[in-house]
Number of protein chains: 2
Amino acid sequence: MAYLQSMPKAETIKLREKHVGAACQLFFRSSPLKIVRGIAQYMYDETGERYLDCINNVAHVGHCHPHVVEAGRNQMSLISTNNRYLHDELVILAERLVKTMPEPLSVCFFVNSGSEANDLALRLARIHTNREDVITLDHAYHGHLTSMIAVSPYKFNLPGGPAQPDWVHVAPVPDVYRGKFTCPRDSSSEETLGLMYAGEVEKICEDAKQRRGGVCAFIAESLQSCGGQVIPPEGYMKKVYENVRNAGGVCIADEVQVGFGRVGTHMWAFETQGVVPDIVTMGKPMGNGHPVAAVICTQEIAKSFADTGVEYFNTYGGNPVSCAIANAVLDVIETENLQEKALRVGSYLLERCESLKHKHSLVGDVRGRGLFVGVELVTNRDERTPATAEAKHVVNRMREEKILISRDGPDANVLKFKPPLVFTTHDADRLVDTLDRVLGELDGGRMPSGSIKLEVTVTPISDNMEKSNETAVKTSIKQSIKSM
Amino acid sequence: MAYLQSMPKAETIKLREKHVGAACQLFFRSSPLKIVRGIAQYMYDETGERYLDCINNVAHVGHCHPHVVEAGRNQMSLISTNNRYLHDELVILAERLVKTMPEPLSVCFFVNSGSEANDLALRLARIHTNREDVITLDHAYHGHLTSMIAVSPYKFNLPGGPAQPDWVHVAPVPDVYRGKFTCPRDSSSEETLGLMYAGEVEKICEDAKQRRGGVCAFIAESLQSCGGQVIPPEGYMKKVYENVRNAGGVCIADEVQVGFGRVGTHMWAFETQGVVPDIVTMGKPMGNGHPVAAVICTQEIAKSFADTGVEYFNTYGGNPVSCAIANAVLDVIETENLQEKALRVGSYLLERCESLKHKHSLVGDVRGRGLFVGVELVTNRDERTPATAEAKHVVNRMREEKILISRDGPDANVLKFKPPLVFTTHDADRLVDTLDRVLGELDGGRMPSGSIKLEVTVTPISDNMEKSNETAVKTSIKQSIKSM
């Protein structure tokens, strides 16, 4: 069935090109999707075509969950005003969130986006430590605000990005597959790698201590998302936190993409690493699409902020509608056991993806926690050569199969799976079976030890490439496949 | 009637103190309001008590307007996802907003808050001009983000505020009542004052041109809000824009508080000043309480941004629910002729406030445009001594009369009226009649030429004063009043 639209898709595209900044990029740019309906793990285009959504970590409890919609609708009909007035939804949400946190994390600030949350976190850290230097991880992304791009190598390292500020120090990302230190992942070597990567942060801390009297903060996603679904090695975060605190800094866990039970074993991804941050930020899934986010910190840090005498006022932050919706999301996570489901379905998905490694030489690495999974494609396993063009091709082919996945990482060669938590093992099967088939089209199911034929016929496709070029390269890929 | 609550008010307060940052201040801190319901220009507390809302410029078309609630609810049930997918609500909103703008302003970026909008505006300005220096007005407030506090003297000039960055230049606020240059407001002198104030910006521009090669941007609210409801003199903005552009800078009009028809004569406050900005930001009223905001700029500026090749992605920015709600707000402004109403009711309110000047010596100045009105209280008209304590007393007494107003400005002595645009002349009468009575309690309706008795018996009440002190001062005010 086709859905009602205000205008044909061509008109939507025309108006968008005319009146929306071109820096706001569309997914599948040469043939973008018009999405008009969402239900649970599915999205529908204007023709009624249904897509399995394997990447929308915002629609956490499923697109348009009726309990969440109802909560929003009810509260919108009653009152939505600012937090200079008392409201029960706000304090209930604060108490519920605090209950999910380890002991010293007990004070909330409500904001509208993960970017706003990270900005406030850094501001709190500055005020509390009275220091300036911030340590961030390579390829990290913490938000679209000026202050966040400053600590996001994912952005400032782009050719057209701004300069890296002198108060920002970039530590190597603890990526045991492609990072500065690598070796096969087993329990004995992982701890060693963790210490080696943590040593890099220690070096920055020591230097900052000597030159600048210490550091202000270490900010990191508990599992790096845009950077390529990276799982830090055992022991890494513990040692880093120790080093940062020794240098007078506070530790900020950015849970914007990975929080709220996605990792399965815990509510928050930092818990998988055995650390207790000083400040935690959360966003995306918090309102299942509604703009709501939060910062949770210790009493001491909140007190330093209040002691400045400068009021913190965020017009929409903590408004009753945003809080009612966030409370409803927590309800659903609890009543539908979504954290446990993320563990169960995520483990199954990971296991099935692992099996692809034995079938397709393109699959270089498979990693994940719960429903946060990455499949890194390489054209040569020994060299770990990023299969960037192939990853792009796979994402496009999967879309033809009505499955939405994306790719990221510094080489844009890591397939990302981070579906709504209502994702089922059946969905996992469909995803992996289809991926298996698409990878098979590329490598014919063979397991060559070196590079595959496709590699030499295409150049990596940049996201900023002209559409005409893109089409040319695509055609070239298709021809290569046919000739295989 | 009393409304259903999750907990008694005392419990709400207790939980808030425990789990919400103390830097988030409550209105009427010693006895805060718990607001559980809003209808049009009214808010209701948990006991069913009704308050006339004269300050909520966010609930622009009236609290819980059914058309807006319906739009939000409908879209929430259908789909809310990010703008990497096409959606009609987004492009329709973009086209409608652009239609309200003068010609070169035609490209939109959607974000979640006025702060995010101003941050992006400054980022666009930096990228477009490749310059750093920003000129802002004294007492200006542009948002709660790190980058915005940097250009907000309202915040960074507080005792506990951060340092003013070296790239920020503060020009005197063109306040003809209390600013650097003042004289009675009449058409002949106003233009002179406008040029004198603009000359201050010119000096900054000349200096920046010589020392730093030019300026990046001038950012100003078209009418200064937090700074004390300031209306710039005729000709000021035109001359400033000329100077800034001569120095290579772009002009940013912050319409977050004053846009969307509030000024009555025009949709945007910058239009009252005969200028065309390069970048316009909007927020608060845009979603009638829903977190949605936008930046509109010229094609050239948008192109400079796109040319960096760095994608701008804002997770919730321009999601279908936010856009549907913003479209519904525009519907209501149009169908209920709210801009025209703001002009009619605002003019009436201003006229009635003017009449208070002839009755109460405390009223030093009355100014406004549409439903954006300020009444500045002074203890001595000749000296224009700020009546800070009296303004606080008035706000509290009005609350006892079930009318919500607030005060602001560098001396916190300017009573602010910026109600939802559904405010009626009847509401204006009730507001001014009650204010008349409350001011009469303070000055006995007398018109002394110098200071009034109250002034010497109280010290200004700081917002950061302990509650016990506050009560003591209040008692002292009440005793002073009784003894008059």
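So that the names make sense, note that chain A is the first sequence line, chain B the second, and so on, each numbered from 1.
Note: B:Arg73 leads B:Arg126, B:His63, B:Arg73, B:Glu89 in heavy-atom pairs under 4.5 Å with chain A. When each of B:Ser106, B:Ser147, B:Gly287, B:Gly318 is scored by its heavy-atom pairs under 4.5 Å with chain A, the top score falls to B:Ser106. Heavy-atom pairs under 4.5 Å with chain B were tallied for A:Glu11, A:Lys9, A:Met43; the largest tally goes to A:Met43. Counting heavy-atom pairs under 4.5 Å between each of A:Ile296, A:Leu145, A:Val36, A:Ile301 and chain B puts A:Leu145 at the top. Put simply, of B:Asp53, B:Val98, B:Asn82, the one with the most heavy-atom pairs under 4.5 Å next to chain A is B:Val98. Your options are A:Lys303, A:Gln75, A:Arg37, and the one with the most heavy-atom pairs under 4.5 Å with chain B is A:Arg37. Interface check for chain A: of the options B:Pro162, B:Pro32, B:Ala23, B:Ala59, the most heavy-atom pairs under 4.5 Å are formed by B:Ala23. Of all the listed residues (B:His87, B:Lys284, B:Lys155, B:Gln5), the one sharing the greatest number of non-hydrogen pairs under 4.5 Å with chain A is B:Lys284. Comparing A:Pro320, A:Cys108, A:Ala306, A:Cys297 by heavy-atom pairs within less than 4.5 Å of chain B, the highest count is held by A:Cys108. Interface summary for chain A: among B:Asn319, B:Asn83, B:Val321, the most heavy-atom pairs under 4.5 angstrom belong to B:Asn83. When each of A:Ala302, A:Gly161, A:Gly21 is checked for heavy-atom pairs under 4.5 Å with chain B, A:Gly21 comes out on top.
How far CG of B:Leu86 is from OG1 of A:Thr12: 6.0 Å, rounded to the nearest 0.5 Å. Rounding to the nearest 0.5 angstrom, the gap separating the OH atom in A:Tyr85 from the CG atom in B:Asp45 is 11.5 Å. Rounding to the nearest 0.5 angstrom, the gap separating the NZ atom in A:Lys34 from the CG atom in B:Asp88 is 3.5 Å. Considering CD of B:Glu70 and OG of A:Ser77, their distance stands at 8.5 Å, rounded to 0.5 Å. Here CZ of B:Arg84 is found 10.0 Å from CG of A:Leu26. Values are rounded to the nearest 0.5 Å.
Residues B:Thr315 and A:Val58 meet the side-chain proximity criterion, which asks for heavy atoms closer than 4.5 Å. B:Lys18 has its side chain out of reach of A:Val107: every pair of non-hydrogen atoms, C-beta onward, lies at least 4.5 Å apart. Residues B:Thr81 and A:Asn56 form a side-chain contact, since some pair of their non-hydrogen atoms from C-beta on lies under 4.5 Å apart. Contact of the A:Val91 side chain with the B:Met7 side chain is registered, since non-hydrogen atoms from C-beta on lie closer than 4.5 Å. Side-chain contact between B:Cys24 and A:Phe313 is absent, with no heavy atoms from C-beta onward closer than 4.5 Å. In this structure, B:Leu97 and A:His19 have side chains that are not in contact, with every pair of non-hydrogen atoms separated by 4.5 Å or more. For the pair B:Met76 and A:Met76, the minimum side-chain heavy-atom distance is below 4.5 Å. Put simply, the side chain of A:Leu78 does not reach to within 4.5 Å of the side chain of B:Cys64, judged on heavy atoms.
Heavy-atom minimum distance, A:Tyr316 versus B:Gly289: CD2-O, 3.4 Å. Summarising the geometry of B:Pro291 relative to A:Ser322, their closest heavy-atom pair is CG-OG, 4.1 Å, with the distance given to 0.1 Å. Shown here for B:Val20 and A:Ala94, the closest heavy-atom pair between the two residues is CG2-CB, 4.2 Å.
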Stepwise ring-ring contact (aromatic ring centres under 6.0 Å, His included) test for B:Tyr312 and A:His144: CA-CA 7 Å; B:Tyr312 180 73; A:His144 55 72; 5.5 Å; yes
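More than 12 heavy atoms of other residues, nucleotides or ligands sit less than 6.0 Å from atom CG of B:Asp307. Around atom CG of A:Asn157, more than 12 heavy atoms belonging to other residues, nucleotides or ligands sit under 6.0 Å away.
If you measure heavy-atom distances from B:Leu105 to chain A, you find no contacts under 4.5 Å at all. Within the 4.5 angstrom heavy-atom criterion, only side-chain atoms of B:Leu158, from C-beta onward, approach chain A.
Take B:Lys99 and apply the side-chain hydrogen bond (donor to acceptor under 3.5 Å, both in side chains) test, not counting sequence neighbours, and it matches no residue.
Chain B is approached within less than 4.5 Å, heavy atom to heavy atom, by A:Ser113, A:Glu116, A:Asp119 from residues 113-122 of chain A, ordered by number.
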